[in-house]
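Below is one structure, written out as C-alpha cells; the observations come after it.
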Amino acid sequence: MKKGDHLFLVDGSAYIFRAYHALPPLTRKSDGLPVGAVSGFCNMLWKLVEESRDTSVGTIPTHFAVIFDHSSTTFRNALYDQYKANRTAPPEDLVPQFPLIREAVRAFDLPCIEKQGFEADDLIATYTRQAVAAGGDVTIVSSDKDLMQLVGPGVILYDQMKDKRLGPEEVKEKFGVYPEKMIDLQALVGDTSDNVPGVPGIGPKTAAQLLDEYGDLEALLERAGEIKQAKRRENLIQFAEQARLSKRLVTLDCETPLDVALDELFLNEPDGEKLIAFLKAMEFTTLTRRVAATLAVSASEVETATIAVDGPARGPDLDPPAADGAAPLTAANGAGGAARLALTPAMLVEARRAEAAAATFDHAAYLTIRDEAALKAFLAEATETGILAFDTETDTLSAMNGRLVGVSLAVAPGRAAYVPLGHVSPNGEADLLSDTSLEDEIGPQIPLETALSAMKPVLEDEAILKVGQNTKYDTLVMLRHGIAVAPFDDTMLISYALDASASLAGHGMDELSERFLGHKPISFKDLCGSGRNARPIASCEIERVTHYAAEDADVTLRLWRVLKPRLAAEGLASVYERLEKPLVPVLARMERRGIMVDRQILSRLSGRFAQKQGALEAEIADLAGEEFNPGSPKQLGEILFGKLGLPGGKKTKSGQWSTDVKVLEDLAAEGHALPAKIVEWRQLTKLKGTYTDTLPNHMDERGRIHTSYSMASTTTGRLSSSEPNLQNIPVRTEEGRAIRTAFVAPEGTRLVSADYSQIELRILAHIADIPQLKQAFREGLDIHAMTASEMFGLPVEGMDPMVRRRAKAINFGIIYGISAFGLANQLSIPREEAGLYIKRYFERFPGIRDYMDETKAFAKKHGYVETLFGRRAHYPDISASNPSMRAFNERAAINAPIQGTAADIIRRAMIRMDDALAKAGLAARMLLQVHDELVFEVPEDEVEPTLLLVSEVMAEAPLPRVDLSVPLVVDAKAAGNWEAAH
DNA sequence: CGCTCCTAACC
DNA sequence: AGGTTAGGAGCGA
C-alpha cells in the first residue's frame with residue numbers, strides 16, 4: 001500500500017442484513033434453499049465492483065476486502081456484560097445463508113476477513129488506520145454511524161443504497177459534530193440497538209450542542225455542574241461514569257491483530273469463470289447474464305459450480321394445501337333469496353346483515369386472469385350481474401403518479417379475479433430482462449393496452465354499476481388511461497354518509513370489513529411489508545397478490561351489499577347521492593390538473609428566510625446566554641422558566657413548560673426580548689420548513705402541484721387536503737403571504753379566487769334565527785362592529801378597534817360552542833370577565849342560547865346532529881359522565897351543523913360548477929378548494945364573465961333545497977398569483 | 001423506524 | 001374554542 005492507492009472496505013455483516021431485508025423473504029433456489037440474502041448480497045457487491053471499475057467516477061480501488069463479524073462475544077462484553085445483550089438471533093432462514101455469502105465473496109475473488117473475538121468495525125478501523133499511515137485513501141462501504149468516527153482526511157464512508165458519500169462535512173451535517181467528536185457524541189446519546197447506555201434525556205441534538213459548547217466529553221462531565229437545565233445537569237453528573245463506559249464501548253479498536261496483512265488485500269481482476277460458476281449454481285439468472293456480459297464470458301460454456309455448504313440447509317415449507325371443502329360463495333347462495341323476500345328497506349338491511357355475518361372467504365377460489373379471452377369472459381359475467389366491484393393496484397400510493405400494476409374485479413360475493421398488468425421480477429431486475437424471459441419467470445400478463453380496451457366498454461357501460469372503495473383513486477388512475485368510469489358506487493363514501501364520526505377509526509376497507517363483515521382481509525403490510533422491508537407490489541409474487549387484491553374486490557362488493565341498503569333505510573340516500581358521489585369526479589379532475597407553482601419564487605424565499613433565521617439564532621443565543629436548540633420546546637421551556645425565571649409559566653398535559661405562541665406573546669408584551677425573537681424564529685422556521693423548502697418536492701415536470709383531497713376524513717363534511725396540504729398555505733402574515741405569490745397562473749391565464757364572506761356566521765344567523773344578525777347581513781353591515789354595538793351599547797361609528805376585536809372573538813367562539821375558558825384564553829383576559837361577555841351576549845341574542853340548548857338536546861336524544869342538507873355528525877359520547885368529555889362533545893355538536901352546512905354548500909357549488917362553466921362556454925378550470933374558497937385558472941379574456949358566473953353558482957348553491965334567510969355574499973377576484981387574487 | 005408530544009399553518 | 005395536516009424533538013424497540 002502506498003500513496004495513491006485506494007482501499008475499499010465492505011462492512012459485510014451490515015451488507016448481509018441490508019440485502020436480507022431489501023429482498024422478498026421467500027426467495028428460494030429450486031431445491032428449496034433460501035437464497036434471498038445471498039442474491040441481494042451478490043447484486044450489491046457486483047454493483048460495487050462494476051462502479052469501482054468505472055474510471056469516470058475516479059475512485060478506482062487498488063485494494064479491496066469484505067469484512068465480517070465473527071462471533072457475538074468480544075472484548076466489549078468484558079467491559080460491560082449488557083453490551084448487545086438485547087440483540088435477537090438472526091432470522092431462521094438467514095442462518096443457512098451465512099456460509100453461502102462467504103462462498104460468494106470468494107467467488108468474487110475478494111478477501112473475506114473475520115476474526116474471532118473482534119467485531120467487523122474493529123477490523124475496519126485497523127485496516128483504515130494502516131492504509132492512511134501508508135499514505136493511501138480508504139472508502140468504507142457502510143452507512144453505520146459507529147464507523148463515522150473513522151472519517152477524516154483520505155477516509156470516507158459510502159452508503160451504497162442511497163449512493164451517498166460521507167466526508168467530515170456530511171457527518172457534521174448529519175450529527176452536528178465533526179467525525180473527531182463522534183465518539184463523544186455516541187457516548188452521550190448511547191445506542192439502544194447495541195445496548196450502549198449513554199446519558200438519559202440526551203439525544204443527538206442536545207449532545208451536539210453540548211459538545212460544541214464544552215469541547216469534549218471529559219470537559220463536559222467535569223463542568224457538568226455549570227449546566228443550567230436542572231434535569232440535564234443532574235443526569236450528566238449522575239451518569240458520568242456510564243458515559244465514560246459508553247465511550248469505551250463505542251470507541252473502535254484500531255490495533256486489532258490482523259491475520260491478513262493490508263498488502264495482501266491487493267485487488268485482482270475478477271475471475272469471470274469462477275464467479276459465473278457460482279452464480280449459476282445459485283440460479284441467479286439475471287445477475288449471471290449481467291456478469292457474463294460485463295466480463296465477456298460466455299455463461300453457457302461455464303459449468304455450474306458445486307457448492308459445499310457447511311451448515312444445515314432447511315428444506316422448503318411445503319404444507320399440503322388445506323382442503324376444507326368450503327364452497328365459494330356466489331350470489332345465488334342465500335343472498336339472492338333473502339333479498340327477494342325483503343319488502344321494506346329495513347328488511348333488506350337485515351337480510352344483507354345476515355348474509356354478511358354468514359360470509360366466508362376462500363382465497364383459493366380467486367382467479368388470476370392472464371389472457372384476453374379469460375378477461376372478456378369474466379367481464380361478460382358482469383354484464384349478466386349488472387355489477388362489477390373493481391380496484392386498481394399501483395406501485396405508489398399517489399393516484400397521480402402510480403403506475404398500473406394490476407386490476408381486481410368481482411362480480412358476485414366470492415367470485416373475484418385479479419388481472420396482473422405491470423408485474424416485474426421479484427428479484428427487482430425486470431428492466432434488464434427481455435419480455436420473454438420475464439414471462440418465463442412470472443408467467444404471462446395481458447398487455448396493458450389490450451386489457452384497457454377490453455375493460456373500457458364495461459367500465460363505461462351505463463348498465464353496469466361499478467363498485468369501488470375510495471373510487472376517486474381508481475377513477476383517477478383510469479382517467480389517466482383514458483377511461484371515464486361510470487356509473488359507480490363507493491363503499492367508503494356510503495360508510496361516511498352513514499356515520500362520518502367513524503372517520504376516527506377510518507373508513508378504510510380493512511376497518512369496514514372487520515366492522516361489517518367480521519372478516520380481517522389480508523393487509524397490504526402482510527403482502528408487501530412495511531418500513532425498511534417494504535417492497536413494491538409489482539415485484540410481489542402474483543399468486544399472493546391475487547389473494548390480496550381479488551379479496552379487496554370481493555370485500556368491496558360484499559360491503560356494498562351490506563351498506564348500500566342502509567342509505568335508504570336511514571334516510572341518507574340524498575346526502576350520498578347529492579353531496580358525496582357527484583363530487584368524486586369533480587375532485588379527481590381538480591387533483592389531476594394541479595396548480596402551477598413558480599419554483600424560483602420559493603427558492604428565493606427559502607434563501608431569505610434562511611438568512612433571517614441565522615441572524616435570529618445568533619440573537620436568541622445571545623439573549624439566552626447559551627447555545628440551545630430553539631426548536632426544542634423542552635429546552636426552551638427550561639431556559640425561559642427555569643434559567644431566566646420568567647413568570648407566567650403554564651404546563652402542558654405531560655407536565656412540560658408550555659411555550660406556544662400565546663405564552664410567548666404574553667411574555668413579549670411584558671417587554672421580554674427573548675420570547676419575541678423565538679416567536680419570529682418559529683414563524684420563519686415553519687414557513688421555510690413546511691412550505692418554501694418542501695413544496696418544490698411536490699412539483700411535477702410541468703411545474704404543477706397536485707394535492708390529494710380526502711372526502712372522508714372529517715367529522716363535519718369538510719374536505720381535507722394532503723400531500724401536500726394546500727388548505728393551509730399561509731395568509732395571515734406578510735411573510736407568509738409571500739408564499740402565495742408562488743402559486744401562479746400560466747401565460748395567458750389568470751387565477752380567480754372566490755370565497756364566501758362570513759359563511760358560518762350567516763348560517764348561524766339563519767339556523768338560530770337571530771333578527772339582529774340577519775338584519776345586519778341583509779344590510780351588508782360590519783357584523784363584528786354591529787355585535788359590539790349591540791352588546792355594549794356603543795355606536796358603530798368611531799368604535800375602538802379593541803372592542804370590535806373582542807366582539808369578533810365572541811362571534812367565532814359562538815360558532816365553536818363557546819366556553820368562558822376558551823374565550824378567556826383567546827383574549828388573554830380573566831375567565832370571570834369572559835363569562836360576563838358571554839352572559840351579555842346571550843342576553844342580547846337569546847336565540848343563540850336557545851339554539852345551543854336545542855342542539856345539545858337533539859344530540860343527546862339521537863346521538864347525532866344534522867346539517868341543513870341532512871348530513872349527520874354522530875356524537876356517541878355526548879352523554880358521557882366525564883364532564884370535560886361531555887362538554888367537549890357538546891361544543892362539537894353545536895359547531896357541526898354550522899361548519900357542516902357550510903361544507904355542504906360549497907360542495908353543491910363545486911358539483912354544479914363544471915357544468916355551469918361549460919354551459920356558459922367558459923374554459924375556466926377549478927383547481928383548489930379551501931373550505932370557503934374556490935380557486936380557478938381562467939383564460940385572460942374570460943375573466944369578467946367567469947367572475948360573475950362563479951359568484952352566482954356559489955351564492956345560489958343552497959337552492960332549491962334550502963332558501964337561506966340571509967344573503968350569501970361571494971368575493972371574487974382575478975390576478976396573476978394566488979396572493980393578489982385573494 | 002415508528003410512536004407520542006408539541007407546535008403551528010389554514011378555515 | 002370547532003375542524004384539519006405537517007414537521008421537529010425525543011424516546012424506545
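Every chain is numbered from 1, with letters handed out A, B, ... down the list of sequences.
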*For atom NZ of A/K662, decide whether the heavy atoms of other residues, nucleotides or ligands shown that lie under 6.0 angstrom number more than 12.*
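For A/K662, atom NZ is crowded (more than 12 foreign heavy atoms under 6.0 Å).
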
Provide, to the nearest angstrom, the distance between the [atom1] atom belonging to [X] and the [atom2] atom belonging to [N].
| X | N | atom1 | atom2 | answer |
| --- | --- | --- | --- | --- |
| A/L719 | C/dG3 | CG | P | 16 Å |
| A/W978 | B/dC10 | CH2 | P | 11 Å |
| A/K808 | B/dC11 | NZ | C1' | 12 Å |
| A/N895 | C/dT4 | CG | C1' | 12 Å |
| A/I810 | C/dA1 | CD1 | P | 15 Å |
| A/I878 | C/dG2 | CD1 | P | 13 Å |
| A/E760 | B/dC10 | CD | C1' | 13 Å |
| A/Y496 | C/dG3 | OH | C1' | 10 Å |

Can a side-chain donor-acceptor contact be found between [Y] and [X] if the only test is distance below 3.5 angstrom?
| X | Y | value |
| --- | --- | --- |
| A/Y496 | A/T714 | yes |
| A/D191 | A/Q186 | no |
| A/S501 | A/D499 | yes |
| A/S606 | A/T692 | yes |

Residues forming a ring pair (Phe, Tyr, Trp, His ring centres under 6.0 Å) with [X], sequence neighbours excluded:
| X | value |
| --- | --- |
| A/Y837 | A/F792 |
| A/Y841 | A/F845 |
| A/F743 | A/W978 |

*Hey, does the side chain of A/R682 come within less than 4.0 Å of B/dA8's phosphate (OP1/OP2), counting only N and O?*
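For B/dA8, OP1 or OP2 has a side-chain N or O of A/R682 closer than 4.0 Å.
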
*Give a yes/no answer on whether the side chain of A/R891 brings an N or O atom under 4.0 Å of OP1 or OP2 in C/dG2.*
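Affirmative; the distance criterion is met.
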
*Where at least one partner belongs to residues 887-898 of chain A, residue pairs that pass salt bridge (charged side-chain N to carboxylate O under 4.0 Å, His left out), sequence neighbours excluded*: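 Sorted result for residues 887-898 of chain A: A/K860-A/E890.
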
_Residue that, paired with A/H766, satisfies side-chain contact (heavy atoms from CB on, under 4.5 Å) out of A/L773, A/L868, A/L761, A/I898_ =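 Only one option passes, and that is A/L868.
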
*Sugar-phosphate means primed atoms, P, OP1 and OP2; the rest is base. With that split, encode nucleotides 7-13 of chain C 5' to 3' as B, S or - using protein heavy atoms under 4.0 Å.*
S-SSS-B

*Any donor-acceptor pair under 3.5 Å joining the side chain of A/R732 to the base of B/dC10?*
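Side chain to base: no pair below 3.5 Å.
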
Under 4.0 Å, heavy atoms only, any strand: does [X] hit a base, just the sugar-phosphate, or nothing?
| X | result |
| --- | --- |
| A/A809 | base |
| A/S710 | nothing |
| A/F812 | nothing |

For [X], check side-chain contact (heavy atoms from CB on, under 4.5 Å) against everything at least two apart and list the hits.
| X | result |
| --- | --- |
| A/F842 | A/I814, A/I818, A/I838, A/I848, A/R849, A/M852 |
| A/P197 | A/Y80, A/Q242, A/S246, A/L249 |
| A/A873 | A/V865, A/Y875, A/A896 |

*asked:* Looking at C/dA1 and A/Y816: do their rings stack (centroid distance under 5.5 Å, interplanar angle under 30°)?
replied: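 Stack criterion not met.
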
*What parts of residues 722-731 of chain A reach DNA chain B, counting only heavy atoms under 4.0 Å away?*
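Those residues whose heavy atoms fall under 4.0 Å from DNA chain B, taken from residues 722-731 of chain A in numerical order, are A/Q727, A/N728, A/I729, A/P730, A/V731.
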
*Quick one: side chain to side chain donor-acceptor pair (under 3.5 Å) pairs with a partner in residues 675-684 of chain A, sequence neighbours left out?*
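Output for this query lists A/E617-A/W681, A/E619-A/K677, A/T659-A/R682, A/Q683-A/T733.
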
*Consecutive-pair stems (at least three Watson-Crick or G-U pairs, under 3.5 Å) that include DNA chain C*: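 Stems found: B:1-11 with C:2-12.
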
Sub-3.5 Å pairs of nitrogen or oxygen atoms, protein against nucleotides 3-5 of chain B:
| residue | atom | partner | partner atom | Å |
| --- | --- | --- | --- | --- |
| B/dC5 | O3' | A/S654 | OG | 3.3 |

*Relative to A/W657, does A/K650 satisfy both conditions: NZ or CZ under 6.0 angstrom from the six-membered ring centre, and within 45 degrees of the ring's axis?*
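Geometry flag: not set, cation outside 6.0 Å or 45°.
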
*Among the candidates C/dG3, C/dA1, C/dT5, find the nucleotide nearest to the side-chain atoms of A/S713.*
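Output: C/dT5.
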
